[in-house]
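Accompanying notes for the structure given below.
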Amino acid sequence: MLSVQKVTKQYAKTVANQDVSFRVEAGKIGILLGPNGAGKSTVVKCIAGLLRFQGLISICGYPNKSMEAKRLLGYIPEMPAMYDLLTVREHLEFMARAYRIDRWEEKADRLLERFQLDDKQKKLGRELSKGMQQKVSICSALITDPKVVLFDEPFVGLDPHAIKELKDSLRELRDNGASVLISTHMLDSVEELWDVANIMMDGKIAAVRSRQETEAKKEDLEGLFFSITEGASAKDKEETE
Ligand SMILES: Nc1ncnc2c1ncn2[C@@H]1O[C@H](COP(=O)(O)OP(=O)(O)OP(=O)(O)O)[C@@H](O)[C@H]1O
């Protein structure tokens, strides 16, 4: 389970996150939806332990910067970071050895085949296209069997086959009891996947909806998103006029 409680993060004068709280239960897919600059990547980086922040974040009950939490967490950043001189397979081996994963070779074979990287295993990190890097980044996170997984704009740059395999992988993670968090500004890409939607605007959570709630009320998430994001920018415009 992922729990984010009252997280505030400021970069110099910019308050990127203000009192952000939400949860993603085990066996659920949560989305963080918001326009560019809403603060999604910042909160994801706070969860991943890459930024200092005020507030409390826990991963399956452990503080997010503890070793226990790191062992359970997978993070696929918006911009994949490759080791120039490691091959595709060595990226997976590196992660598997760091996390002491048993029988990693079989898992690596399955993941590389699934994401059509099996014939690219010997390519170096620096020789990969952006989409290939993204796929290696996904495989490197999934080989550790994470219980909480963060995906920051995961579909950008992927081809249709990889998008389908990633969506299937997200459902499998959920069905196996993981908490999955997807940050995106593209509702279309996660439409059929989410269980809980957190809409962010100006560094705050502006609305939270469960799928059951929106279905019961016949509420349209896209309509809600636009009423929050465009309503707010119309208000900003009025205030500056
Ligand atoms: N390293 C940084 N230094 C200073 N300001 C930053 C930094 N990173 C982000 N910001 C600011 O924090 C705010 C939130 O940015 P963030 O990247 O979290 O938004 P986002 O919702 O992920 O946007 P996008 O959809 O464009 O990726 C923005 O105003 C941004 O300019």
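Side-chain atoms are counted along with the backbone in the values below, which use heavy atoms only and exclude waters and symmetry mates. Whatever order the structure lists them in is the order used to number ligands and atoms, beginning at 1.
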Which heavy atom of the protein is the closest neighbour of [atom], given with residue, atom name and distance?
atom                    : result
atom 17 (O) of ligand 1 : S41 CB, 3.8 Å
atom 28 (C) of ligand 1 : G37 O, 3.9 Å
atom 15 (O) of ligand 1 : T42 OG1, 3.9 Å
atom 9 (C) of ligand 1  : Y11 CE1, 3.4 Å
atom 26 (O) of ligand 1 : N36 ND2, 3.0 Å

Can an N or O of G34 be found at a distance shorter than 3.5 Å from an N or O of ligand 1? no

Under 4.0 Å from atom 30 (C) of ligand 1, can you find at least one protein heavy atom? no

Enumerate the atoms of ligand 1 whose separation from the nearest heavy atom of A38 is less than 4.0 angstrom. 19 (O), 20 (P), 21 (O)

Shortest heavy-atom approach to atom 25 (O) of ligand 1 - which of E153, K13, E78, K40: K40

Would you say K217 has more than 12 foreign heavy atoms packed within less than 6.0 Å of its NZ? yes

Between the side chains of E192 and R171, is the shortest nitrogen-to-carboxylate-oxygen separation below 4.0 Å, so that they form an ion pair? yes

Tell me whether ligand 1 is touched by [X] - counting only heavy atoms on the residue side and a distance under 4.0 Å.
X    : result
G39  : yes
P35  : yes
M200 : no

For T8 and N17, does a side-chain donor sit closer than 3.5 Å to a side-chain acceptor? no

Could you tell me whether the side chain of I57 reaches within less than 4.5 Å of the side chain of L2, counting heavy atoms only? yes

Residues forming a side-chain contact (heavy atoms from CB on, under 4.5 Å) with D220, sequence neighbours excluded: E222

F94: ring-ring contact (aromatic ring centres under 6.0 Å, His included) partners, not counting sequence neighbours: Y83

Go through the steps to decide whether L33 and N198 satisfy the test side chain to side chain contact (heavy atoms under 4.5 Å, CB included), and finish with yes or no. CA-CA 6 Å; L33 198 62; N198 301 281; over 6 Å; no

Picking from K135, R110, R114, what satisfies salt bridge (charged side-chain N to carboxylate O under 4.0 Å, His left out) with E165? R114

